[in-house]
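All remarks here apply to the structure that follows.
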Amino acid sequence: MIENYGVYPLLPASFSGSIGKRFRGLGWGILFLGSLILGGLLRGEDLGAQPLHCDEAVQAWRLRELWRSGQVAYDPREYHGPVLPLAAFFATQAAGYGGFNELNEEILRAVPAFFGSLLILGCLFLYAPLGRDSALWAGLWTAVSPTFVFYNRCFIHETLLVFFSFLALAAVIRYGVVIGGITSTEIASRGREAHRGEPSDQNPAQARTDDSKPVQSRWVWVLILGGALGLMHATKETCVLVATSLVIAALLCLSPQGKGFWRTVGRDAAAATLIAMGLSAAIYSQGLRNWLAVADSYRSYFHYLTRAAGAGEAAGHVGPWYYYFALLFGVHPFEGTTYTEWPVLVLAAFGVVGGLRAGRSDRYRRQIVASLATYTVILAALYSILPYKTPWCALGFLHGIILLAGVGSAALWRSEIGGLVRWPLRAILIGLFVWVAVSSWRQISPSADWSKHPLAYSPSSPDVPRLAGELMRLLPAEDTHQPQIQVICEDHDYWPLPWYFRKLNQVGWYPSVPTGPPAPVVICSPRLEAQVLEHLYSQPPPGKRALYVPFERQDDGPLSRPWELRPGVSLLVLVQWRLLEGLVGGQVGPQAHMRLQRP
């Protein structure tokens with residue numbers, strides 16, 4: 001007889017036999033597929049509603065190199081590894097785009113959104129080791145996590161790094177299962193017992209028969225581990241933090257089995273390392289064509305040690321040790337709802353306590369939960385200790401918390417507490433899930449102001465794409481050899497303008513006022529205004545000086561205001577009067593305004 005357990009409590013206990021088993025399996029599959037669809041909708045809905053922020057635009061510009069030359073340069077001091085632009089390049093080509101200028105925000109952000117959806121699918125790796133309820137709840141919480149929904153919609157490296165890190169973590173767990181000698185019969189039995197919440201009363205050695213075979217050859221997981229580590233290294237330099245956490249967690253996951261066990265593990269670890277280094281070298285060298293980039297990928301850590309300490313240019317990214325915890329688990333109002341991740345933190349605590357209290361004979365389950373908890377705690381500690389902090393770095397250890405929350409949710413759902421308490425617990429669990437899902441849906445609304453979101457980090461102003469549209473109407477379409485636009489900002493602080501100006505002809509980018517004749521349109525930061533005006537009116541000889549007027553943004557009403565690069569960061573836009581003579585005739589859109597005032 002099939003017991004009444006798991007996420008299907010409404011089925012009668014008498015519903016047994018092969019039909020009942022198939023029905024339960026189908027129900028689990030439908031729920032898991034639902035989590036995948038929900039997560040895909042949250043990540044893929046209206047990806048172009050918000051402008052690219054600085055980091056996204058920089059990565060998009062690297063993609064421009066791939067479209068022009070078929071290669072992407074690696075800078076050991078900036079921009080991270082080439083996996084993100086390479087993945088975007090293959091995706092845009094597969095989608096049928098004919099050139100860089102045809103790309104848009106939706107296709108760029110579809111790449112991390114896809115990998116974010118794969119994170120949900122990857123929870124299937126936990127089906128056998130932790131039970132199908134834990135895998136289902138982990139997928140559900142990953143699908144609706146507001147932090148993952150927010151950053152899976154951004155064209156940055158972190159989502160890909162977290163996905164490859166999870167592949168490595170899953171490979172270590174499954175390798176530990178195989179090397180520990182667990183057979184397919186035993187793991188299926190433990191999966192059912194974990195599903196019911198019952199400890200195993202059978203010794204693994206007794207469960208083994210002559211016909212039993214390992215679930216998978218350990219070499220499959222060695223290969224997956226090596227590939228995941230190589231992709232991590234080719235994605236972002238912070239992979240070393242993940243690898244450190246992974247090694248310590250692996251030592252807990254592995255259970256020595258007889259003489260020569262550690263020698264076998266060492267040989268397999270060396271094989272995984274060689275696979276990782278080979279794959280990483282192939283990616284960095286662009287098909288073994290640039291070995292200097294391979295060497296730079298290791299030399300870069302000397303620079304990133306300085307950055308991690310918050311020295312030099314990284315000083316603006318220094319935060320206190322509790323920065324990530326206050327961000328994730330505080331309660332932050334946004335767009336009529338609340339952003340927070342405290343529900344998964346509480347459920348993860350239940351998961352750790354319940355997992356570590358598993359029966360003595362269920363030592364593999366205890367080891368896996370202990371490994372997940374160790375991995376998560378060490379990774380969170382490493383990120384917190386480093387002075388350099390950016391909010392998306394929290395995704396790595398937050399994913400570990402979500403996986404443990406899956407274990408805790410399954411334990412609460414199948415709790416053996418009496419019905420008077422069990423059903424309210426289940427109602428609270430469902431209510432928390434719905435609340436978090438609605439919060440995530442509200443934050444991706446096209447009307448939401450992402451610049452006010454707690455996770456927003458140097459967000460771009462909606463003025464940026466509007467300014468690009470106005471300048472495209474102003475400037476002549478024909479190509480010229482002289483710059484039509486000069487953008488002058490200290491420390492190259494003009495991103496994401498290059499992405500939005502990609503269709504404009506002859507744009508020059510300068511950290512200081514250039515020499516030579518000024519362009520018809522000059523954009524600068526306000527603190528350079530005096531130097532720029534001198535450039536406009538002192539450099540040209542008498543009789544060849546053009547009249548420049550401020551070109552500003554006009555909202556509803558008679559008043560105008562300067563264009564913004566980011567909230568609180570203005571841009572001064574000066575345009576030659578001859579380009580504005582057609583303003584009344586409608587050559588310029590209604591969202592721009594000129595002040596008829598000589599600078």
Side-chain angles (χ1 to χ4, degrees), residues 50-62 75-81 83-85 108-109 112 115-116 145-165 232 235-242 244-245 300-301 303-330 332 334 339 341 376 379-401 443 450-460 491-493 495-496 565-569:
Q50 306 293 335
L52 298 186
H53 65 71
C54 172
D55 294 82
E56 291 181 283
V58 168
Q59 297 306 321
W61 207 246
R62 296 180 73 195
D75 185 341
R77 302 179 62 85
E78 289 285 354
Y79 313 138
H80 308 304
V83 165
L84 178 63
L108 294 181
R109 287 170 169 165
F115 280 93
S145 165
T147 309
F148 272 89
V149 169
F150 188 92
Y151 285 126
N152 289 169
R153 296 167 56 88
C154 295
F155 188 61
I156 56 176
H157 296 79
E158 213 65 35
T159 296
L160 279 68
L161 178 64
V162 173
F163 174 70
F164 299 138
S165 301
M232 286 165 53
T235 299
K236 194 177 179 184
E237 293 77 9
T238 50
C239 68
V240 295
L241 304 180
V242 179
T244 301
S245 307
S300 66
Y301 291 102
H303 166 70
Y304 279 96
L305 282 173
T306 303
R307 172 175 286 192
E313 297 178 356
H317 302 282
V318 172
W321 68 266
Y322 56 83
Y323 170 81
Y324 294 119
F325 304 104
L327 177 66
L328 295 177
F329 308 120
H332 310 279
F334 177 72
Y339 163 76
E341 293 281 3
T376 303
L379 189 57
L382 290 175
Y383 274 120
S384 299
I385 290 171
L386 295 177
Y388 182 93
K389 291 179 174 65
T390 50
W392 44 78
C393 289
L395 287 181
F397 66 83
L398 176 61
H399 188 237
I401 292 174
Q443 78 177 10
W450 274 27
S451 66
K452 297 179 181 178
H453 196 286
L455 295 175
Y457 198 71
S458 297
S460 300
D491 300 322
H492 301 282
D493 188 21
W495 294 94
L565 183 65
R566 295 183 294 275
V569 180

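The figures here come from the full heavy-atom set of this structure, side chains too, leaving out hydrogens, waters and symmetry mates.
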To the nearest 0.5 Å, how far apart are [atom1] in [X] and [atom2] in [Y]?
X: His53; Y: Ser458; atom1: NE2; atom2: OG; answer: 8.5 Å
X: Glu237; Y: Leu161; atom1: CD; atom2: CG; answer: 10.0 Å
X: Phe397; Y: Thr376; atom1: CZ; atom2: OG1; answer: 9.5 Å
X: His157; Y: Gln59; atom1: NE2; atom2: CD; answer: 4.0 Å
X: Tyr304; Y: Leu386; atom1: OH; atom2: CG; answer: 14.0 Å
X: Thr238; Y: Met232; atom1: OG1; atom2: CE; answer: 8.5 Å

Does a side-chain heavy-atom distance below 4.5 Å link [X] with [Y]?
X: His399; Y: Leu395; value: no
X: Tyr339; Y: Phe150; value: no
X: Cys393; Y: Lys236; value: yes
X: Tyr383; Y: Leu379; value: yes
X: Leu398; Y: Phe148; value: yes
X: Leu52; Y: Arg109; value: yes
X: Leu84; Y: Thr235; value: no

Salt bridge or not between Arg62 and Asp75? Use side-chain N to carboxylate O under 4.0 Å.
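The answer is no: the pair does not qualify as a salt bridge.
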Which atom of [X] lies closest to which atom of [Y], heavy atoms considered:
X: Gly116; Y: Asn152; result: CA-OD1, 3.4 Å
X: Phe155; Y: Ala60; result: CE2-N, 3.6 Å
X: Pro459; Y: Ser451; result: CG-CA, 3.6 Å
X: Gly81; Y: Pro85; result: O-CD, 4.0 Å
X: Pro51; Y: Ser460; result: CG-O, 3.7 Å
X: Ser165; Y: Val242; result: OG-CG1, 3.4 Å

If only atom types and distance count, is the side chain of [X] paired as donor or acceptor with the main-chain N or O of [Y] below 3.5 Å?
X: His332; Y: Leu327; answer: yes
X: Glu341; Y: Phe329; answer: no
X: Tyr323; Y: Thr390; answer: no
X: Glu56; Y: Ile156; answer: no
X: Lys389; Y: Ser384; answer: yes

Which word best sums up how the rings of Tyr457 and Trp392 line up, parallel for under 30°, tilted for 30 to 60°, or perpendicular for over 60°?
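The arrangement is perpendicular - the two ring planes meet at more than 60°.
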Measure up the Phe115 and Phe164 rings against each other and bin them: parallel (under 30°), tilted (30 to 60°), perpendicular (over 60°).
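Phe115 vs Phe164 ring planes: perpendicular.
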Can you list everything that forms a side chain to side chain contact (heavy atoms under 4.5 Å, CB included) with Leu382? Sequence neighbours excluded, please.
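By the side chain to side chain contact (heavy atoms under 4.5 Å, CB included) rule, Leu382 matches Leu241, Thr244, Ser245, Ile378.
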